[in-house]
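Have a look at the structure below before the remarks.
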Amino acid sequence: MEKELEKIEDQIRKSLADSIRKSFTDSHFGDVMVVGGGVSGVQASLDLATAGFKVYLVDKAPAIGGHMAQLDKTFPTNDCSI
Amino acid sequence: MKYPDQFNQEISKNKAVHIYFAQAIPLITYIDESCLYLKEKKCRICEGVCKNQAIDLNQTAEKVEVNVGAIILSPGLEPFDPKVRDEYRYGKFENVVTSMDYERLMCATGPYEGEILRASDKRHPHKIAWIQCVGSRQVIPGGNSYCSSVCCTYTQKQVILTKEHDAEAECTIFHNDIRSYGKDFERFFQRTERLPGIRFIRSYTSIVKEDPKSKNVTIRYSIPEDGVKEEEFDMVVLSVGLNPPADVKDLAKRFGIELNHHDYCKVNPVNPMETTRPGIFVSGAFQGPTDIPESVFTASGAGSQCAQLLDYRRGKLAKERIYPPERDVSEEEPRIGVFVCHCGANIGRVVNVPDTVEYCKTLPNVVYAQEQLFSCATNCAKEITDMTKEKGLNRVIVAACSPRTLEPLFRDTVREAGLNQYYYDMANIREQCSWVHSKEKEEATGKAKDIIRMSVARACLLEPLQEINLPVNKAALVVGGGIAGMTCALSIASQGHEVYLVEKEKNLGGTARRIHTTLEGLDVQAYLSDLVRKVNQNPSIHVYTDATITGAAGYVGNFVTTVKSDRGVTEIRHGAAVIAVGADVYKPAEYLYGEDDRVMTHLELEEQINKGDEKVVHAESLVMIQCVGCRNEDRNYCSRICCYESIKNALKLKEINPKMDIYILFRDMRTYGFSEDYYRKAADKEVKFIRYEPQDKPEVKVGESDDGRPVLKVTATDYILGNRLEIDADIICLAAAVIPSAGSKEVSQLFKVTLGPDGFFQEAHVKLRPVEFGADGVYLCGTAHYPKLISEAIEQAYGAAGRVLTLLSHDTVIASGSVCEVDEKKCMGCGQCVAVCTYSAIEFRETKQGKKAVVIPVLCKGDGLCNSKCPTGAIRLKHFTDEELLAQIDAAAEDE
């Protein structure tokens, strides 16, 4: 009985190690996923990447920038939004 | 075949195959759902004409599995759709547009290249009305009960920009409270209000009719003087509020997070970046209606919290960016390339760009010139890199906008081409030319040529410079032990860094020690003592109480700060500093404060309520007066939190003693965001709101009520009823202003950071760098920046921690190569440069020839003060040398 258990344990450990190894070698392994590429998502991604993390930034639109990219200028400095 | 362009709010049309917008990242052509082939299996013309066979109409969605350790949700917002309510006539009356439509109309890259035109006749509207609170502050089907927080100020921006398009335009804003609660917003409002032809009218409105011929729109409104009126406008802009993202329910389900009753993300009140699911964080407008700066620092804050979880993985997956080796061009003749940017229509509409390009080609040493639609767009930046390599350019000039925003990008572009980045120069033909000479096109073109010619003259003399790699000390110093300072310290410490927390008082806690609850019902004292405990127990946080900072020297990555505290005098070495010194409360000199103990501030009232003081909780009548000590000449800003604070106290008192008569005398109620619901609740509980004007303030006198009770008599004008009111008050509560902390000035001098016009610390960029200073390595959070609520201070504290980590996670930091150097032979040791340098970047060194000035390059900010003072011309500022600047000036005087 005990031996059986050990065997199972061993298998679990092995498959766990396998899956961990697999996920590490998988190219789609990252640190953080940021959902939405408006000004907030872009800032979060930049910060994390600068601080040493691999980030996946996902957006539903064909380009990042969100609603801010649509704005003409921003208050109160009236700088360009892009 | 063309379809409505979504990026331009469907005002203009575009083909099914197109790029999203000219500066899009990534800049890739794509096919949208309007494609005939995708809809009806027809057409396929694009496939045939594409020479690179880049179009694959059979492409299907690909499912990619990504493994990550944390998630940040930043799905943003959806502008309110006024079509849900017929009365706005949006989509029915041609000249009724939303504020988002109007942004595109104004924009140089918009549907009419920056011409504001009416849909009905493509003519410029002259008389424009804005209707505020469309979809906000409404308890009606389809509307939102909350305040959208940003519309008052974006409307003012639109008015200012409209006047720039057409100085004669007449603009009318129909509103109900102007909520200028943000930093510098009050001044922005005043700037708008003072423009000629602007009317702010406090009234509800209805859009009544459209003239069948002119397509003008009539609005009905009412003002106390004239009653109900009708007025015709050429165009009506609906200032639409913010909604949660359209697919929010699905998003919440997918990520397993909860939403609040407004369908925004449900967050932890003491950590608004935390969702209901561990490991998933939120930033930006999904937390609640919010402006850009908050979206930016909550992003940094959410990032910092991901990093807290994943610190052990830092640097394992990230890759360093590698630039090609630098080409040595010092022996070559200058070969200059000039790239002239249209900036959409921003420059191109005024300056004749093709003509300017031709002119550039005639200038000495210019071997290449071309025009670009947007030099900053990814394709154009790549073009600059490619052409630099192809044509063997060794100097690059981009004639576009201000170096302030885009110089780093173009320097990077040049580096990509293997050129030293200091061989790049920027000619500003937008801010300094097309924007200021929009009416004089020919002269503007001449001036653009002058500016470029000057830049070319300077570029010939540019030298390659090396930047300096500095080591980074991994510790941080946090100045101020209130909620913001402690939160920031904890976040930094939990990412493996030593933190020195310096507090001037004997105890940690700051102003929060006097606050007992929040509107949302948080027990502040319980939260605070828990926070203090966490700080004290954290082995990486070193707390110095009863402390004063006596000296601060050094520079980014390498500061040395001297602290005198109950532990004696300590010299602290640290790589980053966070200023979180908090704020103070104004001590009123008005309304009998300090003379009669029945008059108190809102904070004092809160303390009395908490103590259960009989006089307060059993008062028959209590009057609150808003805007005491601010929104006036001395303090021209709104203290942001006082409306919230007064509503909170009023509701608490009504809970204890429902019979109490409570009056709030206000100028504008500024319960922005979700606090609006509490304002409504207070009104429902019969708290009476009476508006007053600043030139007709309420008056307070000691007196007696009709039944002989000693009271304070408050008189004010009621603008709705049009008469004088007299209220008998047992207690008067003054919403006293939040003022800069007494020590602000000293701290700003020590750390060489600036204070704004109101005495609060001035961030590097109000929108994009809200927690940083111009001085590298120094960060900002909490009420030292501007008055803010506890939740907002926490957000900013995490945000500052996130930014600190972008510095401390590196072993080195780069300092600019544009610094001063002293020619020892010419230096006579007079010391004028040493005295004038604000950064203490110059010191004396003994040499055989006597005392000589030496510049410490890492401290030098290249401001050039010293070299203009130097009587012998011994100091030279690299990248801005006399020779370079004189060549530029000489070129200005040359004729074309």
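Below, read A as the first sequence line, B as the second, and so on, with proteins coming before strands; counting in each chain starts at 1. Here the structure is a predicted model, which means the values were calculated and not measured. What you see below is based on every heavy atom in this structure, not just the backbone, and it leaves out hydrogens, waters and symmetry mates.
Between B:R104 and B:D101, none of the side-chain N atoms (NZ, or NE/NH1/NH2) sits under 4.0 Å from a carboxylate O, so this pair counts as no salt bridge. Salt bridge present: A:D31 and B:R313 bring a charged side-chain N and a carboxylate O closer than 4.0 Å.
Of the listed residues (A:G38, A:G37, A:A51), the one with the most heavy-atom contacts under 4.5 Å to chain B is A:A51. Contacts with chain A were tallied for B:L73, B:D184, B:T153, B:D32; B:T153 has the most, counting heavy-atom pairs under 4.5 Å. With respect to chain B, the highest number of heavy-atom pairs below 4.5 Å among A:S45, A:A49, A:G66, A:A69 belongs to A:A69. Heavy-atom pairs under 4.5 Å with chain B peak, among A:A63, A:A61, A:G41, at A:A63.
The parts of B:Y154 that come within reach of chain A are both its backbone and its side chain, each placing non-hydrogen atoms under 4.5 angstrom from that chain. Of the two parts of A:I64, the backbone and the side chain both hold a non-hydrogen atom closer than 4.5 Å to a non-hydrogen atom of chain B. With a 4.5 angstrom heavy-atom cutoff, B:I280 does not touch chain A via any of its atoms. Heavy atoms closer than 4.5 Å to chain A are found in the side chain of B:I160, but not in its backbone. Only the side chain of B:R430 comes within less than 4.5 Å of a heavy atom of chain A; its backbone N, CA, C and O stay farther away. Residue contact with chain A, scored on non-hydrogen atoms closer than 4.5 Å, is absent for B:F297. Heavy atoms closer than 4.5 Å to chain A are found nowhere in B:R187, neither backbone nor side chain. Only the backbone of B:Q6 comes within less than 4.5 Å of a heavy atom of chain A; no side-chain atom from C-beta onward does. Residue B:A302: no heavy atom, backbone or side chain, is found under 4.5 Å from chain A. If you measure heavy-atom distances from B:F185 to chain A, the contacts under 4.5 Å come from the side chain alone.
A:S40 approaches B:S283 most closely through the heavy-atom pair OG-OG, 2.7 Å.
Taking the six-membered ring where the residue is Trp, B:F188 and A:F75 present tilted rings, their angle falling between 30° and 60°.
Atom CZ of B:R321 sits in a crowded spot, with more than 12 heavy atoms from other residues, nucleotides or ligands closer than 6.0 Å. For B:Q190, the CD atom counts as densely surrounded, since its 6.0 Å shell holds more than 12 non-hydrogen atoms of other residues, nucleotides or ligands.
For the residue pair B:S300/A:D47, the side-chain donor-acceptor check at 3.5 Å is satisfied. Between the side chains of B:S491 and B:Q305, no donor-acceptor pair of N or O atoms lies under 3.5 Å.
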